[in-house]
*Asks:* 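One structure follows; several queries about it will come next.
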Amino acid sequence: MVGRTQEEIEKELSKEYIPLSYAEYEEGLSNGKLLGLRCQSCGKITSHPMPVCQWCGSRDMERVELSGEGELLTFTVIRVAPEGFDAPYVPCLVKTLEGPTVIARLDLTPEEASQELIGKRVKMSGTYKYEGDKYSAGAHVCPVFRIIE
Ligand SMILES: [Zn+2]
């Protein structure tokens with residue numbers, strides 16, 4: 001069947017529109033928790049929070065806590081920081097054990113970062129707070145991962 005029944009739509013509309021706000025996501029990070037949303041329609045997980053499932057568009061999602069572990073997909077070294085950031089730093093993409101890919105920082109110096117690290121197991125080890133720039137509406141936090149393998 002294509003689309004959803006009226007009953008399914010009403011069920012979704014009866015829920016809180018966003019079961020995990022960005023502020024709650026960042027609060028979770030600050031408490032050492034990587035939070036996401038599990039879609040009740042397709043079962044996939046997204047992180048960071050979104051108002052609809054990134055895979056099927058459903059709004060029927062519930063908050064879940066991820067393990068905070070995953071695989072380092074890739075990274076780069078920033079030596080000239082954008083406004084509101086301090087350089088150098090090592091932003092990265094982590095494929096979590098639960099599925100979603102998250103943007104984070106690696107807990108490494110640029111001198112420690114090398115291509116051999118791609119594919120290594122990583123675990124969330126804390127957060128980094130940045131003051132932001134004229135585009136980002138103030139300070140935010142992002143997860144920091146360290147190599148565990
Ligand atoms: Zn879905």
Side-chain angles (χ1 to χ4, degrees), residues 8 11-149:
E8 289 170 325
K11 180 184 167 202
E12 286 187 21
L13 292 176
S14 69
K15 292 184 164 233
E16 188 177 323
Y17 181 59
I18 301 173
L20 176 64
S21 71
Y22 203 84
E24 292 168 327
Y25 169 75
E26 289 191 334
E27 183 182 332
L29 290 177
S30 297
N31 292 317
K33 295 176 180 177
L34 182 59
L35 300 175
L37 294 164
R38 177 182 290 116
C39 177
Q40 299 301 294
S41 293
C42 75
K44 292 185 178 175
I45 297 175
T46 63
S47 180
H48 59 79
M50 298 176 198
V52 297
C53 173
Q54 71 182 101
W55 308 105
C56 75
S58 171
R59 295 182 357 169
D60 189 7
M61 298 192 289
E62 68 173 359
R63 185 186 305 205
V64 292
E65 182 177 341
L66 283 67
S67 64
E69 293 189 34
E71 174 191 344
L72 179 61
L73 291 180
T74 192
F75 67 90
T76 191
V77 174
I78 301 293
R79 294 184 187 281
V80 179
E83 178 186 334
F85 293 77
D86 297 318
Y89 64 97
V90 186
C92 65
L93 287 178
V94 171
K95 175 83 168 169
T96 62
L97 293 180
E98 295 82 4
T101 299
V102 297
I103 298 172
R105 286 189 179 209
L106 265 185
D107 187 15
L108 291 177
T109 65
E111 292 72 29
E112 294 170 317
S114 68
Q115 292 295 306
E116 295 80 50
L117 298 176
I118 290 176
K120 295 282 190 188
R121 295 237 1 226
V122 292
K123 182 173 178 57
M124 190 175 130
S125 60
T127 59
Y128 175 78
K129 182 177 181 182
Y130 54 96
E131 294 308 316
D133 57 21
K134 59 191 169 194
Y135 308 107
S136 59
H140 289 281
V141 295
C142 74
V144 175
F145 284 80
R146 65 180 168 78
I147 306 289
I148 59 172
E149 184 179 287

*Asks:* Identify the two heavy atoms, one from Gly36 and one from Leu66, that lie closest to each other, and give their separation to 0.1 Å.
*Replies:*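 In terms of heavy atoms, the two residues are closest at N-CD1, 3.5 Å.
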*Asks:* Determine, step by step, whether Thr76 and Thr74 satisfy the side-chain contact (heavy atoms from CB on, under 4.5 Å) criterion, reporting the C-alpha distance in whole Å, the side-chain angles of both residues, the deciding distance to 0.1 Å, and the verdict.
*Replies:* CA-CA 7 Å; Thr76 191; Thr74 192; over 6 Å; no
*Asks:* Got a second to check how far Gln40's CD is from Met61's CE, nearest 0.5 Å?
*Replies:*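 That separation rounds to 10.0 Å.
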*Asks:* Once rounded to the nearest 0.5 Å, what's the spacing between atom CD1 of Ile148 and atom CG of Leu72?
*Replies:*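 Separation between the atoms: 11.5 Å.
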*Asks:* Could you check whether any side-chain N or O of Ser47 sits under 3.5 Å from a backbone N or O of Leu35, counting only pairs where one atom can act as donor and the other as acceptor?
*Replies:*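 At least one qualifying donor-acceptor pair exists.
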*Asks:* Looking at every heavy atom in both Leu20 and Leu37, which two are closest together, and how far apart are they?
*Replies:*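 Closest approach of Leu20 to Leu37: CB-CD2, 3.6 Å.
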*Asks:* Do Cys142 and Ile103 have side-chain heavy atoms sitting under 4.5 Å apart?
*Replies:*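 No; the side chains remain at least 4.5 Å from each other.
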*Asks:* Quick one: CD1 on Ile45 to CD on Gln54, what's the gap to the nearest 0.5 Å?
*Replies:*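 The distance works out to 11.0 Å.
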*Asks:* Checking side-chain hydrogen bond (donor to acceptor under 3.5 Å, both in side chains) against His140, which of Lys129, Glu26, Glu131 comes through?
*Replies:*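 Only match with His140 under side-chain hydrogen bond (donor to acceptor under 3.5 Å, both in side chains): Glu26.
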*Asks:* For the atom pair CG (Leu34) and CD (Glu98), what is the distance rounded to the nearest 0.5 Å?
*Replies:*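 That separation rounds to 7.5 Å.
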*Asks:* Please say whether more than 12 non-hydrogen atoms of neighbouring residues, nucleotides or ligands are located less than 6.0 Å from CG in Leu97.
*Replies:*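 Result for CG/Leu97: enclosed.
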*Asks:* Is the shortest heavy-atom distance from the side chain of Tyr25 to the side chain of Lys33 under 4.5 Å?
*Replies:*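 Heavy-atom side-chain distance check fails, nothing below 4.5 Å.
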*Asks:* Give me the atom names and distance for the closest heavy-atom approach of Lys123 to Ser67.
*Replies:*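 Here Lys123 and Ser67 meet closest at NZ-O, 3.9 Å.
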*Asks:* How close do Ala104 and Pro143 get, counting heavy atoms only, and between which atoms?
*Replies:*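 Closest approach of Ala104 to Pro143: CB-O, 3.1 Å.
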*Asks:* Sequence neighbours left out, what pairs pass ring-ring contact (aromatic ring centres under 6.0 Å, His included) with at least one residue falling in residues 101-129?
*Replies:*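 Every candidate ring-ring contact (aromatic ring centres under 6.0 Å, His included) pair involving residues 101-129 fails, so no pair, neighbours aside, qualifies.
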*Asks:* Could you walk me through whether Asp86 and Tyr130 pass the side-chain contact (heavy atoms from CB on, under 4.5 Å) test, one step at a time?
*Replies:* CA-CA 8 Å; Asp86 297 318; Tyr130 54 96; over 6 Å; no
*Asks:* So Tyr89 and Phe85, would you call those rings parallel, tilted or perpendicular, with 30° and 60° as cut-offs?
*Replies:*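 Rings of Tyr89 and Phe85: parallel, as their planes differ by under 30°.
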*Asks:* Applying side-chain contact (heavy atoms from CB on, under 4.5 Å) to Cys42 and Cys53, what does each step give before you reach the verdict?
*Replies:* CA-CA 9 Å; Cys42 75; Cys53 173; 3.8 Å; yes
*Asks:* Look up atom CZ in Arg146 and atom CG in Leu106, then write down how far apart they are to the nearest 0.5 Å.
*Replies:*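 With rounding to 0.5 Å, CZ (Arg146) is 12.0 Å from CG (Leu106).
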*Asks:* Tell me, do Leu108 and Leu117 make a side-chain contact under 4.5 Å, heavy atoms counted?
*Replies:*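 Sidechains of Leu117 and Leu108: in contact.
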*Asks:* I need the minimum non-hydrogen distance between Gly43 and Arg38, along with the two atoms involved.
*Replies:*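 Nearest heavy atoms, Gly43 then Arg38: O-CG, 3.8 Å.
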*Asks:* Kindly indicate whether the side chain of Leu73, heavy atoms from C-beta on, has any atom under 4.5 Å from the side chain of Val94.
*Replies:*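 Not touching, per the 4.5 Å side-chain cut-off.
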*Asks:* Over all heavy atoms of both residues, which pair between Gly57 and Val52 is shortest? Give the atoms and the distance, please.
*Replies:*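 Looking at all heavy atoms of both residues, the shortest contact is O-CB, 3.6 Å.
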*Asks:* How long is the span from the CD atom in Glu71 to the CZ atom in Phe145, to the nearest 0.5 Å?
*Replies:*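 Taking CD in Glu71 and CZ in Phe145, the distance rounds to 12.0 Å.
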*Asks:* Please walk me through it: do Tyr22 and Glu27 pass side-chain contact (heavy atoms from CB on, under 4.5 Å)?
*Replies:* CA-CA 9 Å; Tyr22 203 84; Glu27 183 182 332; over 6 Å; no
